[in-house]
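See structure below.
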Amino acid sequence: MRPFIYERPTDVSAAVAIASRFTTEDDHPTRANAQFIAGGTNLADYMKLGVAAPNRLLDLNRLEEPALRQIRVTDDGVRFGALVRMGEAADHGEVKRRYPVIADSLRLAASGQIRNMASLAGNMLQRTRCEYFREPSWACNKRVPGSGCAAMEGFNRQHAVLGASDACIATYHGDFAQALIALDAVIRAEGSRGAREIPFARLHRLPRDTPHIETDLAADEIITAIEVPALPWARRSRYLKIRDRESYAFALASAAVALDLDGDSVREARIALGGLATVPWRAGEAEAALQGKKLDEASAGAAADAAFAGAEPRQHNAFKVELGKRTLVRALLETRDMKV
Amino acid sequence: MDPAAPKPKENMGEPLPRVDARLKVTGQAAYPADLPTANLAYGALATSSIAKGRVTKLHLDDARSVPGLLDIVTYGDMDKVEKPKFGNAGATSIGPLHDRTIFHDGQIIALAVAETFEAAEEAAQLIRADYEEEKPSASFDSPGTKTIPAAGKSPLFKEDVKAGDFDAAYAAAAVRIDARYSTPTQHHNPIELFSTTAFWQGDQLIVHEPSQNVTGWKAELARELKIDPPNVRIVSPFIGGAFGSKGPMTPRTAIVAVAAKRLGRPVRCVTSRMQAFGTQTYRAETRHRIRIGAGKDGRITAFAHEGWEVTSRPDPYVVGGTSATGRMYDYGSVLTHVSLVQADRNTPGYMRSPPETPYVYALENAMDEMAVALGMDPVEFRRINEPKAEPIGKKPFSSRSLIQCYEQAANAFGWAKRDPKVGAMRDGDWLIGMGCATAIYPTAVAPCAARVRLTSDGDVRVQCGSHEIGTGVRTVAAQMASERLGVPIDKVTVEMGDSSLPPAPVSGGSISTASVCSAVLKACDAIRAKLSAGATAEGGPLAGSHNEELDLDGGKIAARGGASAKIEDVFKAMQIGAIEEYAEFAPKGATPEAVKKLYAGQSEFHGGDQDEDSVKYAFGAEFVEVRINSYTREIRVPRIVGAFAAGRIMNTRTARSQLMGGMIWGIGQALHEATEVDRRYARYVNRDLQDYLVPVNADTRDLQVILVPEVDHAVNPAGVKGLGELGNVGTAAAVASAVYHATGKRIRDLPIRIDQLIA
């Protein structure tokens, strides 16, 4: 591991000030000289592996603003401070009651130890676990722009079937993000150009021909909060995660589903898919396909077909198209049958 | 879950807690890389990023500029050292720094040594190589591989066993199956990483490294470094998981020793999890073709097992499990053939039940297919084909309790409630499947030495250069001494894991308990004889009693008539303070050189299929319930029951723990474990525990181990059959059988994953 400077700013504006001093406008957060660290469950790994190499780490764990560590649930929605740990949010009684899909997505992620360390904002920004990205001796456009993509024709069982480009097929593996994108969450961020809010759906960028640019954030911008608007019918929501083993594994396919039902027909559906796409993936086509329909195996299947109409399978991940569809069907039916 | 400390049945020892349990769970046990060493320098490996070719130039300037860098050991620096040797104690013949040729991905190209671990790692990451690259052959079906017969390539695999006329019997059989199976590359991934710490005291080299074979390594390292074996000491007091990976010594050990010599200070190199995939051994991928012919009555008349195994270009490592599969049932006729496929890969090696895991998986999956083809219950099918003698040499089994294992496991599992129809059992959206398979492992034993000392205070010290790799051998050795010398177990201290102790064989092949306990037993009996002689001698406290009628218990020596004396009084009468006995145990049938070879670090195995009088195996039966979601097809194993018979069980707690660990590993082999090879480059892809999956606690819900009583005096003086490698044999086939029962899909390629079930 390369030596680096480690600083612990005590408030957000100080952290932003240091970051803007050591980064330029053109820097992307994952490639900047100065980078933020919270739980350290992702960045520290990548620094040890030689994948990330910031010269300066700004540890956000000493930031004093109390709101950064609070979960506030009101009738307007829920606001998560950025430094809330995954485990705290997963165990929060009101979050579990009002937004089961959020609590489930966090509870089914990682391990107990990691959930107690990882911050919510850091979790949303976690980088891909693509094996070819993780190991610097492989060609990877995300790690070294223009170097090629070894995964494209390599062992790509866990790779994306949605949202890929000719430059990158790395999956976005996060779970929490699927709940957030389904529920129209909004991110609050502060940077040298002031505070702003970003719809969660606009936070992550498709790889296209610049897979090394992963988010809309500037290098000196800090996420301070995640806000999920009130959605009373989100009590009927769940997160279904399918993986090779029962716990502590990334999703081969997952679905975040919330349903507003009128009897057995769908007034509105919210659907996101995980483990299948290069970014958090809202399945708008599937939502539209269900609107006003009676929710049964057939309509769920039609929605799943719509969600995967644009899927591009490769050698080892072709099964994920069918698995993704079935995961969505199962999630829809299980959500329909929830007692709320 | 059954209790962790099962009540001993007939011929079973007490479930005493491990003597080192407290040290381990409180973090006080010092593993080799924890042993304190003053003035330590740190080494980090740089490894190749190609699998075949030549290093034309190494760029070391960036590495040299790292503050704290002390040295870089690379090409040219090992020239005065012998190349490693493959076989016995050596993992490979590839001397990575002897030669600029690259034989495999992740081959060592340099060792950077620095004042800190971080600086060493940084320097190693900055070492760049220019290569003259060639197109590598990755595995089966890759262009450029070479296929050769395995027989005779390894001292452990002399021939392809056969019996009778397979072709005729198969052609005449009423019911036939012909199926192909495969198992993937697997890496041991013990939680304790691989490490070498080397330092010199004058001419003496001391190496701290997790090892399953300290005496063998001492000999091999001395040979490579061209020094006298007595000047080498290998120290490995605790091992944090081995499974065969720490059996053979790898080239790193000599490289670190050379670095320590150059610097004149201790050097420690801990390899990363990723680097271990290329610098250590692994379980070779295998392919199988099995043909079985049987009559409508279910009696097998013909059995053929062909195997193909990947190995490296220079080293013919043979998996070769046909000796066990060819003897498993009463086949009538047997035909086997094993081939090696040489590819541009590192040399494979031993991994927990190396031959049996893949070969018995194929056999037992085929047995299940045959039972289906016959419309017969798979347990009944095995019962019908239970042999009186093994079919190859027609020798009897020294003991064989397979049917008892099936009966007890089936009963505990509730096999009778299984509806044999495919897909008939269901719980809501979950398909339920139930399957079973046989476990088998050869019972071997090897020469072993031990020193035991009993003092007048009743303290016992056992010294034996065996290895505590987590099996509990330290505990059972203490139990043996405690029983024979009649002292409580807390008065017994056991020293192991040091090549300066009396030599023991490699801790592999599940021979340790039998070999170590036989040597300890012999030393203890010699102490008993001396004590008895002293007690009954003229002027002794039991003068006049018959020597051979004495017994030792509770710190006392007792004659049959009831007279007894305290041990300390016997010592007083003998005017001595301690009795120390050095015993060498040699198994029945051992060659005249067997014990001598032990001192040179060579383990001569006896038992299994090698003996004249009988064949010796331990058996078990495993029953598995799987649940498969009808939509998403993920496979879970909520329940598994295994019944095993393995002669004398020294300690029911450690035995159960071994078998339980094996069955959990079996679940992993069935559903999770596989090292993925990028076939374009012959490189491993998923080189960490994020992507190389093993079962977690949530994957092993209800697991039951049944110990079936068995007495076998033929195997060795301790009456013990090794069971450390028994539990993970057969499990994967039982899972495959259950998956078929649930879904009607016969999966023949491991691991069984959603991919194969969703299509």
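Here is the naming used below: chain letters follow the sequence lines, and residue numbers restart at 1 for every chain. Fair warning: this is a prediction, and the values are worked out from it, not measured in the lab.
- No other option in I242(A), L333(A), T327(A) has as many heavy-atom pairs under 4.5 Å with chain B as I242(A).
- Between chain A and the residues E118(B), R687(B), R680(B), Q125(B), the most heavy-atom pairs under 4.5 angstrom are made by R680(B).
- Looking at R157(A), the atoms closer than 4.5 Å to chain B (heavy atoms on both sides) all sit in the side chain, from C-beta outward.
- Proximity to chain A involves both the backbone and the side chain of D755(B), based on heavy atoms less than 4.5 angstrom apart.
- For Q315(A), no part lies near chain B; criterion is any non-hydrogen pair under 4.5 Å.
- When Q158(A), K320(A), E131(A) are compared by the number of non-hydrogen pairs under 4.5 Å with chain B, E131(A) comes out ahead.
- Looking at E121(B), both its backbone and its side chain come within 4.5 Å of chain A, counting heavy atoms on both sides.
- The closest donor-acceptor contact from the side chain of Q275(B) to the backbone of L45(B) lies under 3.5 Å.
- Chain A forms more heavy-atom pairs under 4.5 Å with one residue of L671(B), L693(B), D429(B), I635(B) than with any other, namely L693(B).
- Contact of V694(B) with chain A is made through backbone and side chain together, with heavy-atom distances under 4.5 Å.
- Contacts of Y681(B) with chain A are made by side-chain atoms alone, with heavy-atom separations under 4.5 Å and no backbone atom involved.
- Heavy-atom neighbours of D166(A) CG from other residues, nucleotides or ligands within 6.0 Å: at or below the threshold of 12.
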Exercise. Run the side-chain hydrogen bond (donor to acceptor under 3.5 Å, both in side chains) check on T335(A) and R238(A) step by step: do they pass?
Worked result: CA-CA 6 Å; T335(A) 309; R238(A) 67 186 276 118; 4.6 Å; no

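- Within the 3.5 Å criterion, the main-chain N or O of I50(B) finds a donor-acceptor partner in the side chain of S48(B).
- Both the backbone and the side chain of A150(A) come within contact range of chain B, judged by heavy atoms closer than 4.5 Å.
- The parts of L323(A) that come within reach of chain B are both its backbone and its side chain, each placing non-hydrogen atoms under 4.5 angstrom from that chain.
- More than 12 non-hydrogen atoms from other residues, nucleotides or ligands lie less than 6.0 angstrom from CG of D337(A).
- Using a 3.5 Å distance cut-off with no hydrogens or angles, the side chains of Y684(B) and D678(B) do not pair a donor with an acceptor.
- Among the candidates K48(A), R129(A), R134(A), E135(A), the residue making the largest number of heavy-atom pairs closer than 4.5 Å to chain B is R134(A).
- Each of R633(B), M274(B), E676(B) has some count of heavy-atom pairs under 4.5 Å with chain A, and the biggest count is that of E676(B).
- Y631(B) pairs with exactly one of R326(A), E297(A), E334(A) by the side-chain hydrogen bond (donor to acceptor under 3.5 Å, both in side chains) rule, that one being E297(A).
- The choice from E122(B), R753(B), R636(B), Q756(B) that makes the most heavy-atom pairs within less than 4.5 Å of chain A is R636(B).
- Interface remark: of the candidates N317(A), V329(A), D244(A), D244(A) forms the most heavy-atom pairs closer than 4.5 Å to chain B.
- R127(A) contributes no side-chain N or O that, together with a main-chain N or O of F133(A), makes up a donor-acceptor pair within less than 3.5 Å.
- The neighbour count for Y248(A) OH, taken as heavy atoms of other residues, nucleotides or ligands under 6.0 Å away, does not exceed 12.
- Geometric assessment of R683(B) against the ring of W138(A) yields a positive cation-pi assignment under the 6.0 Å and 45° thresholds.
- Between chain A and the options N697(B), V66(B), N629(B), the largest number of non-hydrogen pairs under 4.5 Å is found for N629(B).
- Neither the backbone nor the side chain of R679(B) comes within contact range of chain A, judged by heavy atoms closer than 4.5 Å.
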Problem set entry | side-chain contact (heavy atoms from CB on, under 4.5 Å) between L431(B) and T743(B), intermediate numbers included | CA-CA 7 Å; L431(B) 309 172; T743(B) 64; 4.2 Å; yes

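- Heavy-atom distances place the side chain of R701(B), and not its backbone, under 4.5 Å from chain A.
- Residues T30(A) and E214(A) bring no donor and acceptor atom of their side chains to less than 3.5 Å of each other.
- The OH atom of Y172(A) lies 10.5 Å from the CZ atom of F250(A); values are rounded to the nearest 0.5 Å.
- Proximity to chain B is limited to the side chain of L252(A), based on heavy atoms less than 4.5 angstrom apart.
- Interface remark: S272(B) contributes no atoms to any contact with chain A (heavy atom separation under 4.5 Å).
- Distance check, rounded to the nearest 0.5 Å: CG of N686(B) to OH of Y692(B) gives 8.0 Å.
- Proximity to chain A (any heavy atom under 4.5 Å) is restricted, for D688(B), to the side chain, taken from C-beta onward.
- Contacts of K325(A) with chain B are absent, with no heavy-atom separation under 4.5 Å from either backbone or side chain.
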